[in-house]
Peer 1: 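Please find one structure pasted underneath; my questions will follow.
For ligands, and for the atoms within them, numbers begin at 1 and follow the listed sequence.
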Amino acid sequence: MFDFMDMDFADSSALPTSTGPYIPDASECMRCGMCVSSCPTFRLLAVDEETPRRRIRTINKLLIEDQAISADEQQHLLNCLQCRACETVCPSRMAYGQLFDQALLALKRTPTRLAKWGLWLITYKKWRRRLMPVLAIYLRSGLRKPLQRSGLLRKWALAEAEALLTPPALSSLAAYYPGKNTNRGQVALFTGCIAEHFDRETLQASIRVLNAMGYEVLVPPQQVCCGAIHQHNGLPAETMMAKNMAVFNALSVEAVLYTATGCGAMLADYQSDDNQQSAHFKQRLQDINDFVLKHWPQQLNLRPLKEKAAVHEPCSQRNVLKNTTTVYALLAKIPDLQITSLADNSICCGAGGSYMLSHPDNAAKLLSMKKQVIAAAEADILVSSNFGCTTFMHTDTQKLLHPMCLLDRQL
Ligand code: SF4
Ligand code: SF4
């Protein structure tokens, strides 16, 4: 555990150089091991290779020492969920997320043909929209069960993605939704890529809540995917960042709101050569939960609900955006609602962006652990602010809702 004691601090090759790639605080990893037990892959596989500490060593090897890494090291590195739980407990405040992103870029991996196709669909709205009616017909056709049983989906490596499918929304959202009664101002809504089709309920509920609060909502149709999936797969996301910043910065709105914390974590990290552009974008960017809580009108009352809600805290919300209190405060606006948190909120559910598709076995094990905790909470409703997690955690016993959906139901 205390192998930092063996480190040779006189060895300058272990430290970032002024000419080499800059790794924030990389040299500050003391190898103390404080991060080990917080890491979901270590909990799952219980070997040192599956700890943040070992991954940081591999990253150092790649980026600082400019050494080749073995196939095994690469495998253990890529088993990381990018949940960033390790960052929250590290006494040296290692910027693990940034280190990992840089390592992925350095690996220059070529995505599989299937991954390329998926990323292409996420990137190009026009083609995504053309695919949706085909998916809707497939889901209604009666072909699904026989195809699932045939084994072909598994052979084509589509089984996991197919299992997550729900009927998609086919129409586009309107570009403008007027406020009700009073006019308190305008806000813009970031809708994401596939959430536009598969999480329409949350987006529409969010619009209704904002309208009921007196806000006009703009949904700029030119917006694109936030780029998180691309970045987490070691691909550049600059084009998407530039497009979204240009689209939202051109609007005269009070705030730019996101509903999925996975997207929010990426949007909050947008960079640009033009500092003013990214600063202006980030200045108005807010989690919809924060905005609604802060601007909730005193006269707007919610109907009581005699049920129990358990709050799942997505890693992006907890470890990256570091916002663990707002959802509870927001739900407390519903009279009679009993609110509790899930016992193991610090451990990832396994969704991890596209991890549920790229590492289905690990993801399934983490999900099964999460489902035990969900069952133990004995709640009627499970609340989560990240679309990726809700899609993956789907249970037959609880309603799984975004906080906005719950507020909307009680309006
Ligand atoms: S990453 Fe942080 S917590 Fe983990 S071993 Fe290094 S210094 Fe310790
Ligand atoms: S990001 Fe999560 S999975 Fe990856 S090393 Fe850190 S704690 Fe482990």
Peer 1: I want to check something: taking the side chain as every heavy atom from C-beta on, are Met393 and Leu367 in contact at a cut-off of under 4.5 Å?
Peer 2: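 Yes. Closest side-chain heavy atoms under 4.5 Å.
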Peer 1: Tell me, which protein residue and heavy-atom name are nearest atom 8 (Fe) of ligand 2, and how many Å apart are they?
Peer 2: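 Sorting protein heavy atoms by distance from atom 8 (Fe) of ligand 2 puts Cys39 SG, 2.4 Å first.
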Peer 1: Please identify which atoms of ligand 1 are closer than 4.0 Å to at least one heavy atom of Pro91.
Peer 2: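 In order of numbering, the contacting atoms are 3 (S).
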Peer 1: side-chain hydrogen bond (donor to acceptor under 3.5 Å, both in side chains) with Ser206: which residues, sequence neighbours excluded?
Peer 2: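 In terms of side-chain hydrogen bond (donor to acceptor under 3.5 Å, both in side chains), with neighbours along the sequence ignored, Ser206 is linked to no residue.
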Peer 1: Anything protein N, O or S sitting under 2.8 Å from atom 4 (Fe) of ligand 1: count it and give me the total.
Peer 2: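 Excluding waters, the total comes to 1.
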Peer 1: Please state which protein non-hydrogen atom is closest to atom 5 (S) of ligand 2 and give its distance, to 0.1 Å?
Peer 2: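 Heavy-atom neighbour on the protein nearest atom 5 (S) of ligand 2: Arg55 NH1, 3.2 Å.
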Peer 1: Starting from atom 4 (Fe) of ligand 2, what is the nearest protein heavy atom, named by residue and atom, and what distance separates them?
Peer 2: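 Ranked first by proximity to atom 4 (Fe) of ligand 2 is Cys80 SG, 2.4 Å.
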Peer 1: Given Cys348, Gly97, Cys83, Pro40, identify the one with the heavy atom nearest to atom 2 (Fe) of ligand 2.
Peer 2: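 Checking each option, the heavy atom nearest atom 2 (Fe) of ligand 2 is found in Cys83.
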Peer 1: What atoms in ligand 2 come closer than 4.0 Å to a heavy atom of Arg84?
Peer 2: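 So the atoms of ligand 2 that pass are 1 (S), 2 (Fe).
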Peer 1: Go through the structure and list residues passing side chain to side chain contact (heavy atoms under 4.5 Å, CB included) with Glu160, not counting sequence neighbours.
Peer 2: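 For Glu160, the residues satisfying side chain to side chain contact (heavy atoms under 4.5 Å, CB included) (neighbours in sequence not counted) are Arg154, Leu357, Pro360.
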Peer 1: Are the side chains of Met241 and Cys226 in contact, using a 4.5 Å heavy-atom criterion?
Peer 2: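 Contact flag for Cys226/Met241 side chains = no.
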Peer 1: Looking at Trp120, is its backbone amide N or carbonyl O close enough to the side chain of Arg128 to form a donor-acceptor pair, meaning the two atoms are under 3.5 Å apart?
Peer 2: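 Between the backbone of Trp120 and the side chain of Arg128 there is no qualifying donor-acceptor contact (under 3.5 Å).
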Peer 1: Rounded to the nearest 0.5 Å, how far apart are CG of Leu189 and CD of Gln223?
Peer 2: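 It comes to 7.0 Å.
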Peer 1: Less than 4.0 Å between a side-chain N and a carboxylate O, is that true for Glu49 and Arg55?
Peer 2: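 The answer is no: the pair does not qualify as a salt bridge.
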Peer 1: Is there side-chain contact between Ile229 and Leu235, with heavy atoms separated by less than 4.5 Å?
Peer 2: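 With C-beta onward as the side chain, the pair stays apart.
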Peer 1: Go through the structure and list residues passing side-chain hydrogen bond (donor to acceptor under 3.5 Å, both in side chains) with Asp408, not counting sequence neighbours.
Peer 2: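 Residues passing side-chain hydrogen bond (donor to acceptor under 3.5 Å, both in side chains) with Asp408: Arg208.
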